[in-house]
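Chain A is the first sequence line, chain B the second, and so forth, proteins listed ahead of strands; every chain is numbered from 1.
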There are 2 protein chains.
Amino acid sequence: MAISENPLSQQLFESFMRVRKLNWLNWHGAGPRPSDVRALFCIKKDSAVDGTGITVTALSNQLRVSTPTVTQLMNDLELQGLVERSTDATDRRVIRVRLTEEGDRAFKRAQSAVADAFNGLIDYLGPDQTAELAGLLGKVLAYYHDHQVLPTGGRKL
Amino acid sequence: MAISENPLSQQLFESFMRVRKLNWLNWHGAGPRPSDVRALFCIKKDSAVDGTGITVTALSNQLRVSTPTVTQLMNDLELQGLVERSTDATDRRVIRVRLTEEGDRAFKRAQSAVADAFNGLIDYLGPDQTAELAGLLGKVLAYYHDHQVLPTGGRKL
DNA sequence: CTCATATAATTAGGTTGCCTAACAAAAACA
DNA sequence: TGTTTTTGTTAGGCAACCTAATTATATGAG
């Protein structure tokens, strides 16, 4: 473990690269994809505060992906019948996205899948270490949010 | 923060999804890609124990990607002049991969890039929290290593 | 010693999850 | 009114993986 041979930075890099590749949802080709699930969560969360539906721009900001990416995600979810688009009543440029009833069911299944994926880990770590982990991940994200290690492409937010 | 509204599992999922997308090496289209860098590290590390070069299968195991993926990575690195392939002396099926001199220079640059990317975070967290983070990531990986959340495709190792 | 089987790597083709650039439509402003 | 800005979409591309099939070589069973 001599620092010169395998520095801490390199270990962290390797750990993050491995964590990145974990297939949390145990997804194997059927139903909504992991990125769909993330979008579903976001749309559902918004629906609690604004029943008219979330905008593409808001989704783009919250998911931290470009608007064309959101369009593709929504095309996909719409094709699966999980969301519906409608043009905003007062600004005809913006489109509002809401969950359909089937989308809501898919959301609940996704929530279960995520719970299944993480509750084992949470039990394994125990409440203290789980809280530490969540806190540290938050700090990592906060640090890089302020220090320019942006997603590929270097969006300026 | 009511558990029923945004369960811990969902928060962890979201955090991991965001961490996954960080562009650690600040890569913007020039030089070896992040996955190349990971391979470079692996090849270099092996060269310390075995001067004849690492095999494709060994790289596949250590990087946790399929052998065709390793082949593609190696094609790429060879094209960039960073590695060289040679058939093994005693088993003509296996090919041995070593860093070229330019590959070694690229390795050193990559090491610096990783250090640049992580030393800021390490300073920000301080030694105690950095150690905690490294330890927790290790536990997460160990847990999922034993609990079947394998990389996409569900390889059986 | 030969033939079937196992192993190493490659080729071919596909998928996910992103991106930028260019655009059309609508709103805001000057 | 006309220019500028904002919103979302279309088009096309790329990174980083995968599986299935193939080739070449080695190994083991009779």
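The distance from the CG atom of A/L59 to the OG1 atom of A/T67 is 11.0 Å, given to the nearest 0.5 Å.
With hydrogens and angles left out, the side chain of A/R33 and the base of C/dT16 share no donor-acceptor pair within 3.5 Å. If you check distances only, the side chain of B/R93 does reach the base of C/dT7 with a donor-acceptor pair under 3.5 Å.
When each of A/P68 and A/R20 is assigned the nucleotide of DNA chain D with its nearest heavy atom, A/P68 is the one assigned upstream, toward the 5' end. Of the residues near DNA chain C, B/T55 and B/M17, the one whose nearest nucleotide (by heavy atom distance) lies more toward the 5' end is B/T55.
Between the A/T100 side chain and the A/L82 main chain, a donor and an acceptor come within less than 3.5 Å of each other. Remark: side-chain polar atoms of B/D36 are paired, donor with acceptor, to backbone N or O of B/R33 under 3.5 angstrom.
With D/dC18, D/dG8, C/dT10 as the choices, the nucleotide that has an atom nearest any side-chain atom of B/V56 turns out to be C/dT10. Nearest nucleotide to the side chain of B/D91, out of D/dG8, D/dA26, D/dC18: D/dA26.
In terms of heavy atoms, B/K44 sits closest to B/F107 at CG-CZ, 3.5 Å.
OP1 or OP2 of C/dC19 has at least one side-chain nitrogen or oxygen of A/S66 nearer than 4.0 Å. Taking only side-chain nitrogens and oxygens, A/K21 never comes nearer than 4.0 Å to OP1 or OP2 of D/dA16. For the OP1/OP2 pair of C/dA9 and a distance below 4.0 Å, the side-chain nitrogens and oxygens of B/T57 include at least one atom meeting the criterion.
Remark: P of D/dA16 and CE of B/M74 are 13 Å apart, rounded to the nearest angstrom. Taking atom CZ on A/R92 and atom C1' on D/dT6, their separation rounds to 15 Å, with Å as the unit. Going from atom CD of B/Q72 over to atom C1' of C/dG14 covers 11 Å, rounded to whole Å. With rounding to whole Å, A/H28 atom NE2 is found 18 Å from D/dC17 atom C1'. Atom CG of A/L63 and atom C1' of C/dC19 are 15 Å apart (whole Å). Rounded to an integer number of Å, the gap from B/D76 CG to D/dA15 C1' is 10 Å. Atom CG of B/L59 and atom P of C/dA8 are 14 Å apart (whole Å). If you measure from atom CG of A/L77 to atom P of D/dT9, you get 13 Å, rounded to the nearest angstrom.
A/S35 comes within contact range of the sugar-phosphate backbone alone, with a heavy-atom separation under 4.0 Å but no base atom that close. Among the heavy atoms of the strands lying under 4.0 Å from A/T67 is at least one base atom, whether or not backbone atoms are also near. Across all strands, B/R85 comes closer than 4.0 Å only to sugar-phosphate atoms, never to a base (heavy-atom distances).
No more than 12 heavy atoms of other residues, nucleotides or ligands shown are found within 6.0 angstrom of NZ on B/K45.
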